[in-house]
Amino acid sequence: MSLPVSDAVLLETLTSLFGYTTFRLHQEAVVRSVLNGQDSFTIMPTGGGKSLCYQLPAFLMEGVCVVISPLISLMKDQVDAARSNGLRAATLNSTTSVSERNTLYAALRTNELDLLYLSPERLGSHGFMDYLKTLPISFFAIDEAHCISQWGHDFRPDYLALSALAEHFPHLPIAAFTATATPRVAEDIVERLSLRDPYRVCASFNRPNLFYQVLPKDDLNTQLLTFLQHHPGESGIIYRTTRKNVDDTAAFLQKKGLSVKAYHAGLPDAERAHTQEDFRQDICPVIVATIAFGMGIDKPNVRFVIHADLPKNMEGYYQETGRAGRDGDPARCLLLYDQRDIAQLLRFAHQIEDAEQQQIAVKQVYTMMDFTQKDSCRRAFLLSYFGETLPTSNCGGCDICTGDVKREDATVAAQKVLSAVVRSGNRFGSVHIIDILMGANTQRIRATGHDTLPTYGVGKDKDRRYWRRIIDAVVVHGLARIEDPEYPVLQVTDKGWAVLRGQEPFLTLQQAIRPPRKPRQRDTNGGVLVNGELFERLRVERTRLAREASIPPYIIFHDSTLREMASVLPDSREAFLQISGVGRQKLETYGAAFLAVIALYKQEGNRA
Ligand code: ADP
Ligand code: ZN
C-alpha cells in the first residue's frame with residue numbers, strides 16, 4: 001500500500017496542520033517512507049521532532065494510525081497537543097472509563113479518528129489484536145521503541161506484545177521511534193519488531209541548544225540559589241540522588257522564598273501527581289527531584305537541568321539533561337560534583353553482587369570522573385560516548401569551549417595535601433588533613449601531635465574551601481584514593497607519589513564559581529529584538545486560556561511562537577497564520593484572543 005503525495009501537498013499539510021514552513025532534518029524522509037508503505041526505524045534525539053513524523057502521515061492516510069506509547073501521563077499530553085493542531089486523536093488505556101471507551105469504539109468503527117494512542121498492555125490484552133483487525137488502520141507508530149529491548153536501559157515486558165504486530169498485520173507499515181539506542185539495542189529493536197527492510201534514520205545525538213557546564217560543589221545551597229536568582233521565572237529541574245537530599249534542598253530554597261517543590265518516590269502518590277501537574281502547567285516552575293522525575297513529562301520549555309550530585313553514568317546524564325530545551329530554545333545543563341559523590345557512587349557500585357555488572361558500574365563512575373575533569377569539549381566527550389564525532393573543535397556551547405574554565409597548575413598545592421596525608425600515616429580523612437594544612441588547634445590535632453608535622457600550617461594563606469577543592473581534585477584525579485567510603489580515609493597512590501616527588505605536574509581545571517552567563521539568543525528572535533512587555537502580556541493570555549481549557553500553556557503555543565508574535569506584531573488573521581507554530585486549527589481557536597492583545601498593545605501607542 002502506498003499513497004502518492006506531491007511535495008506541494010506535503011508542504012501545504014505541514015503548514016496548515018502544524019504552522020511550520022520547513023521540515024526538520026530527516027522528517028520528510030520518514031514521512032515519505034510511511035506514505036510509501038515501508039517500515040522505518042528512527043533514532044532521533046529528544047526535541048528532534050519525532051511526533052510530526054507519524055502525525056502528518058496519520059492525517060493524510062485513510063484509517064487510524066495506532067500509536068503505542070509506554071506512559072499514560074504522556075499519552076494525555078500527546079492527545080491534547082494533536083487535537084490542538086486539529087488532528088482527531090484519542091487514547092485507550094487503563095484510565096479510560098467505560099463510557100469513554102464506548103464513544104471511542106464507535107468513532108473507530110466509523111473511521112473518525114486520525115490517531116489512537118494505545119498502551120502496550122492494552123495491545124497485548126486478550127483478543128485485542130483480533131479486534132484491531134476489524135478496524136481500518138493506516139499504520140502503526142511505536143514510540144520509545146527501545147522499551148522492547150532487554151539490552152536497553154528501560155526494558156518493559158509489556159512491549160514484547162509488539163513482536164506479534166508484523167505477523168498479524170503483514171500489509172501495514174510499522175514506524176518505530178526512539179531517542180536512545182546503542183547499535184546493539186538498535187539491532188535488537190529491528191529484530192524483535194520483525195521490521196521488514198526498514199528505512200533507517202540515525203540522527204545525531206547532539207543537542208545544539210543545550211549549554212553544558214560542570215562545576216565543583218563549593219557551597220551547594222548558595223550555588224543553587226545564585227543560579228535560580230539569575231534565572232527568574234524559568235522552568236527547570238534540580239536532580240539529587242537521595243530523597244533526603246531532595247527534601248533538604250527543596251526546604252532550603254523554599255525558605256529563601258523560591259517557588260519550588262520536592263518530588264521523590266517517598267511522597268504520597270496524590271502529592272506527586274499534583275506536583276507533576278503544577279510543573280506541567282508552569283504553576284510551580286522548578287522541581288527538586290530524584291531522577292524518577294521527568295520520565296512521564298514532555299514539557300518543552302524546561303530551561304535548565306541541574307545535577308546537584310554526580311550522576312552514576314553517561315546514559316543517565318544524557319537522558320536527564322535531554323529533558324531541557326525540547327522546544328529548541330537555549331537551555332542550560334549544570335553539573336555539580338565533589339569527591340563525596342564519587343565515593344558514594346563507588347560504594348553503590350561495589351554493592352552490586354554480579355561481578356561483571358559491578359565492573360561495568362565502576363567503569364561508569366570513572367567515566368563520569370573523566371567527564372568532570374577533562375579540559376576538552378564537554379559536548380565532544382558526551383557524543384563520543386555514543387560513538388559520534390563532533391565535526392568541530394569548538395562547540396561554542398560548553399564551559400570549556402567558551403573559555404569559562406582554565407587550566408591551573410596546582411602541583412604545589414597537591415604536594416602539600418599529599419605530604420600531609422603521608423606524614424599523618426594515610427589514616428585520616430579530609431577534614432583532619434585540612435586542619436593540619438590550616439594549622440588548626442583542635443583536640444584531635446593536639447592528641448595526635450600533628451601540630452609538630454612540617455606541613456602543619458603550610459596552607460594558612462588559603463581558606464578551607466580552597467583546600468576542599470584541591471582535595472576533591474586530588475581524589476578525582478586518582479592521586480589519593482578512599483578505600484572504604486564508610487571510613488573515608490585518604491591514601492596516597494603511586495600516581496600521587498609521582499606528583500609528591502616532583503616527577504609529574506598536577507594540572508586541574510579552575511572553574512569559575514560564578515553565575516553562568518546568559519545565552520546570547522535569549523532576548524532576540526532571529527536578530528530582532530522582542531517587545532518584552534508584549535511578550536509578557538501574551539504569556540499572561542496564554543496562561544489564562546490554558547487554565548480555562550485545563551491544558552498546559554505549552555500546548556497552546558511555545559515561547560518561541562509568542563516571541564515571534566511579539567516581534568512581528570501581526571494585525572490580521574493572515575499575518576497571524578504566518579507565525580511559526582500557528583496552523584489552521586490554532587488560528588481558529590486562539591487567533592482572536594492573541595490578536596486582541598496585540599491590537600491593544602499597539603493602540604496604547606506602542607510602536608510596531
Ligand atoms: P521528540 O518527540 O522528538 O522529542 P517533538 O515531536 O516533541 O520531539 O518535537 C519537538 C519540538 O519541535 C516540538 O515543539 C515541535 O513542535 C517542534 N517541531 C517539530 N517539527 C518541527 C518543524 N518542522 N519545524 C519547527 N518546529 C518543529
Ligand atoms: Zn564544547
**Q.** Trace of the side-chain contact (heavy atoms from CB on, under 4.5 Å) decision for Leu225 with Leu258
**A.** CA-CA 9 Å; Leu225 188 63; Leu258 289 159; 3.5 Å; yes
Is there a donor-acceptor pair closer than 3.5 Å between any side-chain N or O of [X] and the backbone N or O of [Y]?
{"X": "Arg326", "Y": "Asp298", "value": "no"}
{"X": "Gln339", "Y": "Val476", "value": "no"}
{"X": "Thr493", "Y": "Gly496", "value": "yes"}
{"X": "Gln358", "Y": "His350", "value": "yes"}
{"X": "Thr290", "Y": "His264", "value": "no"}
{"X": "Lys50", "Y": "Thr178", "value": "no"}
{"X": "Arg379", "Y": "Gly397", "value": "yes"}
{"X": "Asp341", "Y": "Leu310", "value": "yes"}
{"X": "His274", "Y": "Ala270", "value": "no"}
{"X": "Thr42", "Y": "Met44", "value": "no"}

Q | Positive for side chain to side chain donor-acceptor pair (under 3.5 Å) with Asn301, one of Asp327, Asp282, Asp329 | A |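 With Asn301 as partner, Asp327, Asp282, Asp329 yield a single side chain to side chain donor-acceptor pair (under 3.5 Å), made by Asp282.
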Q. Picking from Asp247, Thr242, Asp248, what satisfies side chain to side chain donor-acceptor pair (under 3.5 Å) with Lys244?
A.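 The passing option is Asp248.
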Give the minimum heavy-atom separation between [X] and [Y], together with the two atoms involved.
{"X": "Asn209", "Y": "Gly325", "value": "ND2-O, 2.8 Å"}
{"X": "Gly396", "Y": "Cys401", "value": "N-CB, 3.6 Å"}
{"X": "Leu345", "Y": "Pro311", "value": "CD1-O, 3.5 Å"}
{"X": "Val458", "Y": "Pro454", "value": "CG1-O, 3.5 Å"}
{"X": "Leu418", "Y": "Leu479", "value": "CD2-O, 3.8 Å"}
{"X": "Val288", "Y": "Val246", "value": "O-CG1, 3.4 Å"}

I need the [X] [atom1] to [Y] [atom2] distance, nearest 0.5 Å.
{"X": "Leu334", "Y": "His231", "atom1": "CG", "atom2": "NE2", "result": "8.5 Å"}
{"X": "Phe293", "Y": "Arg272", "atom1": "CZ", "atom2": "CZ", "result": "11.5 Å"}
{"X": "His146", "Y": "Tyr159", "atom1": "NE2", "atom2": "OH", "result": "8.0 Å"}
{"X": "Asp158", "Y": "Cys147", "atom1": "CG", "atom2": "SG", "result": "10.0 Å"}
{"X": "Ile471", "Y": "Leu437", "atom1": "CD1", "atom2": "CG", "result": "6.5 Å"}
{"X": "Thr508", "Y": "Asp375", "atom1": "OG1", "atom2": "CG", "result": "9.5 Å"}

Parallel under 30°, tilted from 30 to 60°, perpendicular over 60°: which one fits the rings of [X] and [Y]?
{"X": "Tyr317", "Y": "Tyr212", "value": "tilted"}
{"X": "Phe205", "Y": "Phe386", "value": "parallel"}
{"X": "His477", "Y": "Phe506", "value": "perpendicular"}

Do the charged groups of [X] and [Y] touch, with an N to O distance under 4.0 Å?
{"X": "Asp435", "Y": "Arg464", "result": "yes"}
{"X": "Arg378", "Y": "Asp399", "result": "yes"}
{"X": "Arg469", "Y": "Asp472", "result": "no"}
{"X": "Asp278", "Y": "Lys261", "result": "yes"}
{"X": "Arg340", "Y": "Asp338", "result": "yes"}
{"X": "Asp218", "Y": "Arg468", "result": "no"}

Heavy-atom count around [X] [atom1] within 6.0 Å, excluding the residue itself: above 12?
{"X": "Glu191", "atom1": "CD", "value": "no"}
{"X": "Ile291", "atom1": "CD1", "value": "no"}
{"X": "Lys312", "atom1": "NZ", "value": "no"}
{"X": "Tyr366", "atom1": "OH", "value": "no"}
{"X": "Glu536", "atom1": "CD", "value": "yes"}
{"X": "Asp354", "atom1": "CG", "value": "yes"}
{"X": "Gln443", "atom1": "CD", "value": "no"}

Q: Applying side-chain contact (heavy atoms from CB on, under 4.5 Å), run through Ile445 and Tyr456 and close with a yes or a no.
A: CA-CA 10 Å; Ile445 290 279; Tyr456 184 72; 3.8 Å; yes
Q) Just checking, Lys299 and Phe279: is the charged tip under 6.0 Å from the six-membered ring centre and within 45° of the axis? A)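 Flagged: Lys299 positioned over aromatic ring of Phe279.
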Q) Do we get Arg200 above Phe41's six-membered ring, with its NZ or CZ under 6.0 Å from the centre and within 45° of the axis? A)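 Output no; distance or angle outside limits.
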Q) Checking side-chain contact (heavy atoms from CB on, under 4.5 Å) for the pair His450/Phe428: CA distance, chi angles, key distance, verdict? A) CA-CA 11 Å; His450 286 161; Phe428 294 90; 3.4 Å; yes
Answer with yes or no whether the side chains of [Y] and [X] bring together a donor and an acceptor at under 3.5 Å.
{"X": "Asp370", "Y": "Tyr385", "result": "no"}
{"X": "Tyr239", "Y": "Arg323", "result": "yes"}
{"X": "Thr249", "Y": "Arg240", "result": "yes"}
{"X": "Gln319", "Y": "Glu315", "result": "no"}

Q) Applying the side-chain contact (heavy atoms from CB on, under 4.5 Å) test to Leu253, which of Val260, Val286, Asn221 qualifies? A)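 Among Val260, Val286, Asn221, the one that satisfies the side-chain contact (heavy atoms from CB on, under 4.5 Å) with Leu253 is Val260.
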(Q) Using side-chain contact (heavy atoms from CB on, under 4.5 Å), reason through Val421 and Asn426 one step at a time and then give a plain yes or no. (A) CA-CA 5 Å; Val421 171; Asn426 287 304; 3.2 Å; yes
